[in-house]
Amino acid sequence: MSSTHIVTLALLDSANDKDPVVREQVRKSILTLGKQQPNKVLSMCQDYLVKHPKVRHCYCHLLLISYCVDYPKIKSIISLASDEMTRSKDVVPDWQQAASNILVAVGNKYINDIMEEILSKFQPGILPHFFVVQTLASLSESNVYGMVPFLNAILGTMLPMLGMAKQDNMKWVFSSALSHFSESILEYLANLDKAPDPTVRKDTFSSDIYAAYDILYCSWLQSRESKLRLTVAEAVGSMSHLMAHDKLEEQLPKLIPTILSLYKKNTEHYVISKSLCQVLDASVNMGSRVLETQIDSLLTSLNQQVRQSDSPLMAQYNAMLRELASNTFPDRLVMFVLQKLENSNERIRMGSLAVLRHLINSSTSIMETKKLLILASIRQPLADHSNKVKKRVVQVISAMAHHGYLELEGGDLLVKFIIQHCALPDTYYVRLSYPQSVLCSMLYYLTVILCLSLQVLWPMLLYYLTPGQYSNATTPLCKSLTLLGTKKRASQEPNFNIDFNEQVNLPSPHILMVRLLVNGSFPFRSRGHGAPSLSLLNVISPNIHPNAETLWEKEIPALLSYLEGKGPPLNDPRVLEPFLAKSLVAIADDKWSCQLAIEATRYLSTYNQSLEEKGFLYRCVGVTLQQCSNKEVVQKQLQEILISARHNDAMERAGVAMGIGLCASSHLDATLAKLDDFGKSDAFKKASGIFSLLKDKNDLDVEKMKSTLILCYGYVALHAPEDQILSRIDSDILRSISNLYLLLFPQALYKDTFNALQELLRNILVRDLSPDGLQSVFKHIEEWLSSGQDHERERAMNTTAHILEFYFNNLHVKNMVTFHNLGSLLGRLAPRCTDPNPLVRRAAIDCIYTLLYIQLRYEGFSLDYKDDSVERLITLRESMDNPDHSVLYKTCSELIISKRLPQQQLNTLIFMLFEGLVDSQSNCSRASSVLLNTLLKHRGAGLQDLVHCEDQVKVSVAQSILILATQHLQTVINTLISFPLPFDSWSCEMWIALGADSKLASQIMEMLMEKLNIMVPYVDKKESMMRGGLTKVATSHPLAMTCALKEMMLNGQSQDAVVSLFPQLFSSLLVRLGSSLGVTLPKDINSFGTNRKSPTKLAKTQTYAVEALRILLARAQLDHVVKPLDQEGAWDKMKDPQQHIPGVTLLARAMAKHAGPRLPAIVECLCPCLNNIYECQRVTITAFFSELLNHHVVTELMMMDVLMNNMMERISDPCCTVRMLAVRGLGNIAVGSPEKVHMEEGGGGLLAAMSSGMEEKDDPGKRITLEAMSGLSKVLLYLDKKNVQLLVENDEIRCASIMLLGNLSKFGSGEPVFKDQIHNVLVSLLLHLSDPNLQVVKACKYAMRVCAPVVGSELITTMFQNHLHEDKSLHYGEFINDLTKYIIQDFPGMLNFYHITVIQFFKSNWAEVRAGAAMFIGRQDVSVSFDYLCSSTSPQQLGRITLKSQFSSMLFNKENWNLVYLVN
């Protein structure tokens, strides 16, 4: 057997490869061989086909070679293919179809020879083979001009056969053939100028076609087989064009209903629609009269079909509508569609809109007279609330715009519809499933369509710029208007200039200018409307005012450049306000400027929901009033601004003040006069009374108006001309302010009034100079101590300081009396020491100073006694202008916790400080919190000494804590968390109380879990100065939070909160448990006072988390989970670092068995924690997941992929224990979900993971290796041979083996045995240069380069050294081509060995390697190599070179064989 024969047979064996790349490479190689020796290779292909009749793809190779063979060989190919196609009476699609394809392909060139062969097997009276008919059909499609001349005779022979066909497959193939024949005839007739026989006419085939139609329609179309019905329907549609007109007209009343009925019988509608379309086309072309009787049923059926949006059949439906909408039935079709539009059913309306859109697009001339009717009918769908209908409406409007509907009456409604939907909020488009950008683009598209010829959008779109409801559509509106205006302005169209008096619906030029300027000041809002607005302002400048055109063409481009970061932001007062001022100067029209101010003032209310924009508009009004010379207009607009402003809003007050201040720069007198008038108006009337001096509590609006006036005076002083304002400050501005607030002027009046008030309070106090009398006076003042106004707090504090000093100076203690309200007074006054107002701070220090000395007097000290700790307050008072709050907090706290405050006063003080937590000044509320924390920390233990009925008081205190937490949750939690650990009984009671309110408990638990997840669980500290090791020490706050969660869950009323947050709580506590292992308690954990009672016994760190976890399960009513854990001692194991993993395993097992439905949410919470930086946390979670995979519940709950993917990721974890647990979990899959192992992807991944585990290097105790081996033993039970092969196809193993081969070459240089082994594996290395794995390719390059000197060829050595570098690319084809030449030259005696070796790789597992093997054979110079073999090797020698001998030569010894096996 020659080498040509061996190689060709090997290629033919690979011709059926499953990989298309390999098949293509084999095809090229066979073609190369065939071109060199066509007769020999063709004979081999024929012989191979005879011996292997079921092999696929051989026919295509035979066909390729046939093009290189002489004509006589073609006859044999035709005969061979024909015989193979009909050899079996049964239908064998694979190889019979291949044979048919050869006949069809050859028939394109040799039609007469093909027809001679085929017709010999298509004899009258004999039912032909299925593929004979199929081949005729295919020939008619591929070679129309060659086949049509034969079709008349073929049809004559075929007609009797139709009655003989009993089986559905024969009916199908005849129907398909008739369809193809009809299509071919129609194509032939349509191109008679190119046809070889131009005399062919349609009537030549009409009678035969009708006879065939009669059989198909009457018998076969009623078949129960869906596929046959569709093919018959398709054939009937094609045949209808060839039927005689009278015959078709006669059949239409029956044919059309029959085709329509097929829609209900078949789910595949494309073929039915195609057939119906062809029948309609034929009917319309011949001017059928019968068709009119079918129009109603046709329309109804088609309307039902087009209701389905995005239907792939829409093209067919459109074609049918085009037929019906032609000159035949346009009126009936339009009326039908418009009637359907009135139906409110969503599907019917959608279908009707789809039809209407097509009618508008396809029948321009016919629809011309119906435009107004269509416009009137579209109004109902415009109001439809269905988002799907709205999408169809948008499509219809697009079609109507293209055909001139928008210029008609009512067209503006369509434009409005688009704009309204452009202006909808972004959240709407999610429901509409129609991007907002599409609608905005459509608006611009309408502009492009209409701007050249129609005047529909200009200037109508200007109307939509100013109403607030269209603000989100500003960007597309401005872009469209800019396009329209630019074109009209450039072409000098007369209608570019707008007559605003005539166009009464349009906003005035003043409002347009205002709106566009405000848009420009906040350019990135409303979808970036700034740049489009300014661009439009530039384009329409002649319509705003002709004098603005020159300035704006220069200034606006510069403003637009600011948006690109080339200048200050446009909302900077230095940008658009000067631009407005310059514009008004350039316009130089006082009447126009006054009108701008008037209209801008009216337009202010439009921005009530956009206060920043409204503030800018106030400033614009002020700038405009600067340029107005009409004093009456100025005063009127100032009055309008002050009256209409919403004074309760701070931002609006600021805007009003800035606008009025800008106006004052040109109209100072008028502005001050108007402010004075407004201040004296009825709006400022105040109620009378002694304490109204401090605050009129019932008239907040008046106070806000006063605030506005103060701001106005401030901005007037800022903007007014310097030469005018100095003389007006005293005489006007300060006088007006003092009249309102009695701050400075008239000074005598203020002092007299205040002195009178103090005298009144002294007279009241002297009547009862006791703690009760002091409290009765103080209660009238204390509410103003926390006022939001600085001057009110200052007055209240000064008054308090005065009465306390009076009380102290007049106090005469005769008997020991308790100063019982000391705590109450300190609780009110101490937080004011941090007031933002320095005068208030000073007065507060004075008050505390006096209070403490009053207490000393009550304790028996003399009037002149000085206490060092109290005197320190005098030093603090001197630094109140710039106080150090930390020092202040410390001093006040020390005074309060010192002996100066009696223990019995603590209760009152605490509750006063609680109320101070909501102080209007944040500094003061913070001071309350600090004082409260300090007090509870240092003196809280003594509180229970005052309790006589402990249980009752505990309940009361707990209830107070609960109520306080509902209002100041963060402060309460921070305070309780800061309590020393372990919690005493009182602390525990407070946490338990917080669990009583389910809603509040949920909030607290969420807050604690959030902090637990982000706080550091422990810190590493040195064990001692003598030792260098580190010890993990728990941080106190996470530990306290764990205890807090445990105590809260002890409250039975927390059950609802626990159940709702169970997954999060379980996950957080499990992670916390992992964080606690091997962690010691902080040294200061038991640093509590000596008077503290009943401290909890200290426990290990992990104990708190384990106890909390157990309470959680019990509170969630999972007793069936807790019970087995108790019995198996799981809780103690989880605490023990040595038994922790078995303990967690028991927990996971119990959860999987008894709480499966809870697991998905728990897994979802735990998955992100697998990436935590703490090894202990990852170990716990991985152990939990690993055991879950041991149970089938994870598959039932669809968690398998999530858990498996996480375990796959953990294989590369830095922690050895985590990797071990991950391998264990993957092995457990075989137990818990064996069906997952059966899956190819899952099995391969598990094998790779087990293989990786067994190769683990960083595995001191070999735990990972043992787990991998154990897991592999489980997995292998459920794998088939294909998956097991993956174990030996491991890329890492192959890389290592190839690298080892290269390294061994250093020791084998010069050894003949090693040289032989290198030649044995050389082919394998060459072919793996195209390996799919890049690392394998690099390893092959390295091995071949270092082994090159051993090969024994200088040419090959040089080639390997120059081209095989790991980081350089390689042109594989050229490399193989050059290498084969050197092999032929230097090793001619080994060519046969190389050929035989290459052939073995045609069955490689890698497609790239198989393709490389085919290329290696094909790229050789076949003639040279074969001629050399034939001349140097005798036939006897060739015959002795068998596969067995070749393989025997490769098996040199066991060790080397293993190495070669891995390389291969």
Side-chain angles (χ1 to χ4, degrees), residues 1012-1014 1016-1018 1020 1030 1032 1067-1079 1102 1105 1134 1137-1145 1147-1148 1159 1162-1190 1194 1199-1232 1236 1241-1242 1244-1272 1274-1275 1290-1293 1335:
L1012 267 179
N1013 293 335
I1014 62 176
V1016 176
Y1018 59 82
D1020 292 321
L1030 296 177
K1032 295 178 180 178
S1067 306
S1068 295
L1069 292 175
L1070 186 62
V1071 173
R1072 175 62 191 165
L1073 171 59
S1075 308
S1076 305
L1077 288 177
V1079 178
Q1102 59 267 33
M1134 281 187 266
Q1138 304 301 321
Q1139 296 292 318
H1140 176 70
I1141 292 176
V1144 173
T1145 301
L1147 174 64
L1159 289 176
I1162 293 174
V1163 169
E1164 182 179 358
C1165 294
L1166 286 175
C1167 282
C1169 301
L1170 279 174
N1171 296 315
N1172 287 359
I1173 61 175
Y1174 300 102
E1175 283 184 6
C1176 50
Q1177 295 178 353
R1178 301 199 304 275
V1179 167
T1180 301
I1181 300 169
T1182 309
F1184 186 82
F1185 282 1
S1186 175
E1187 178 57 22
L1188 290 183
L1189 287 167
N1190 210 16
V1194 298
M1199 297 185 294
M1200 171 57 68
D1201 289 339
V1202 174
L1203 292 174
M1204 181 175 173
N1205 291 339
N1206 277 285
M1207 293 297 97
M1208 287 292 188
E1209 293 176 1
R1210 289 304 101 202
I1211 288 178
S1212 58
D1213 194 281
C1215 175
C1216 181
T1217 304
V1218 173
R1219 297 199 300 275
M1220 180 271 292
L1221 290 170
V1223 172
R1224 176 186 296 177
L1226 293 171
N1228 285 344
I1229 294 175
V1231 179
K1236 182 69 176 179
E1241 181 180 354
L1246 293 176
L1247 275 178
M1250 298 301 110
S1251 174
S1252 174
M1254 288 189 290
E1255 297 166 14
E1256 180 67 44
K1257 296 178 181 178
D1258 182 17
D1259 185 15
K1262 299 300 179 184
R1263 294 186 302 162
I1264 300 177
T1265 303
L1266 290 174
E1267 286 294 346
M1269 295 175 65
S1270 174
L1272 184 61
K1274 300 174 186 176
V1275 171
N1290 186 287
D1291 290 336
E1292 295 181 2
I1293 296 177
Q1335 298 304 319

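Worth saying up front: this structure is predicted, and the values here are computed from it rather than measured. Excluded from the calculations below are hydrogen atoms, water molecules and symmetry mates; all remaining heavy atoms, backbone and side chain alike, are included.
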Student: Residues two or more places apart in sequence or in another chain: which of them pass side-chain hydrogen bond (donor to acceptor under 3.5 Å, both in side chains) with N1013?
Tutor: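 By the side-chain hydrogen bond (donor to acceptor under 3.5 Å, both in side chains) rule, N1013 matches no residue at all.
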Student: So which heavy atom on Q1177 is nearest to which on S1075, and how close?
Tutor: NE2-OG, 2.6 Å
Student: Is the closest side-chain heavy-atom distance between V1218 and E1175 below 4.5 Å?
Tutor: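 No. Closest side-chain heavy atoms not under 4.5 Å.
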Student: Over all heavy atoms of both residues, which pair between L1221 and M1207 is shortest? Give the atoms and the distance, please.
Tutor: O-SD, 4.4 Å
Student: Is the closest side-chain heavy-atom distance between I1229 and K1274 below 4.5 Å?
Tutor: no
Student: Which heavy atom of T1180 sits nearest to which heavy atom of V1144, and what is that distance?
Tutor: O-CG1, 3.7 Å
Student: What closest approach, in Å, do S1067 and C1165 show between heavy atoms, and which atom pair accounts for it?
Tutor: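 Taking every non-hydrogen atom into account, OG-CB, 3.1 Å.
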Student: Are any of the side-chain heavy atoms of I1141 and V1179 separated by less than 4.5 Å?
Tutor: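 Contact flag for I1141/V1179 side chains = yes.
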Student: Applying side-chain hydrogen bond (donor to acceptor under 3.5 Å, both in side chains), name anything that partners E1187, two or more places apart in sequence or on another chain.
Tutor: R1149, H1191
Student: Calculate, to the nearest 0.5 Å, the distance between atoms SG and CZ belonging to C1169 and R1178 respectively.
Tutor: 12.0 Å
Student: With rounding to the nearest 0.5 Å, note down the distance linking CG in L1070 to CD1 in I1162.
Tutor: 9.0 Å
Student: Considering residues at least two apart in sequence or located in another chain, which fulfil the side-chain hydrogen bond (donor to acceptor under 3.5 Å, both in side chains) criterion with K1032?
Tutor: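 Once residues adjacent in sequence are excluded, K1032 has no partner under the side-chain hydrogen bond (donor to acceptor under 3.5 Å, both in side chains) criterion.
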Student: Can you name the side-chain contact (heavy atoms from CB on, under 4.5 Å) partners of Q1335, sequence neighbours left out?
Tutor: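 Q1335 satisfies side-chain contact (heavy atoms from CB on, under 4.5 Å) with C1295, N1333, K1338 once adjacent residues are dropped.
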Student: What I'd like to find out is whether the side chain of L1170 reaches to under 4.5 Å of the side chain of F1185, using heavy atoms alone.
Tutor: yes
Student: Rounded to the nearest 0.5 Å, how far apart are SG of C1176 and OH of Y1018?
Tutor: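 Here the interatomic distance stands at 4.0 Å.
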Student: For residues T1217 and M1220, determine if any side-chain heavy atom of one lies less than 4.5 Å from a side-chain heavy atom of the other.
Tutor: yes
Student: Can you tell if the side chain of T1145 reaches within under 4.5 Å of the side chain of N1190, non-hydrogen atoms only?
Tutor: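 Side-chain contact under 4.5 Å: no.
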Student: Roughly how far, to the nearest 0.5 Å, is the CG atom of L1166 from the CG atom of N1172?
Tutor: 10.0 Å
Student: Check for a donor-acceptor pair, side chain of N1228 on one end and backbone N or O of L1189 on the other, with a separation under 3.5 Å.
Tutor: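 Not confirmed, N1228 side chain does not pair with L1189 backbone.
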Student: Could you give all pairs that pass the salt bridge (charged side-chain N to carboxylate O under 4.0 Å, His left out) test and reach residues 1215-1226, with sequence neighbours left out?
Tutor: R1219-E1256, R1219-D1258, R1224-E1267
Student: At what distance, to the nearest 0.5 angstrom, does CZ of R1072 lie from OG of S1068?
Tutor: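 One gets 11.0 Å once the value is rounded to the nearest 0.5 Å.
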Student: With sequence neighbours left out, what residues match R1210 under side-chain hydrogen bond (donor to acceptor under 3.5 Å, both in side chains)?
Tutor: N1171, D1213
Student: Would you say N1206 and C1167 make side-chain contact, with heavy atoms under 4.5 Å?
Tutor: yes
Student: So do V1079 and Q1102 actually touch side chain to side chain, heavy atoms under 4.5 Å?
Tutor: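 A side-chain contact under 4.5 Å is absent here.
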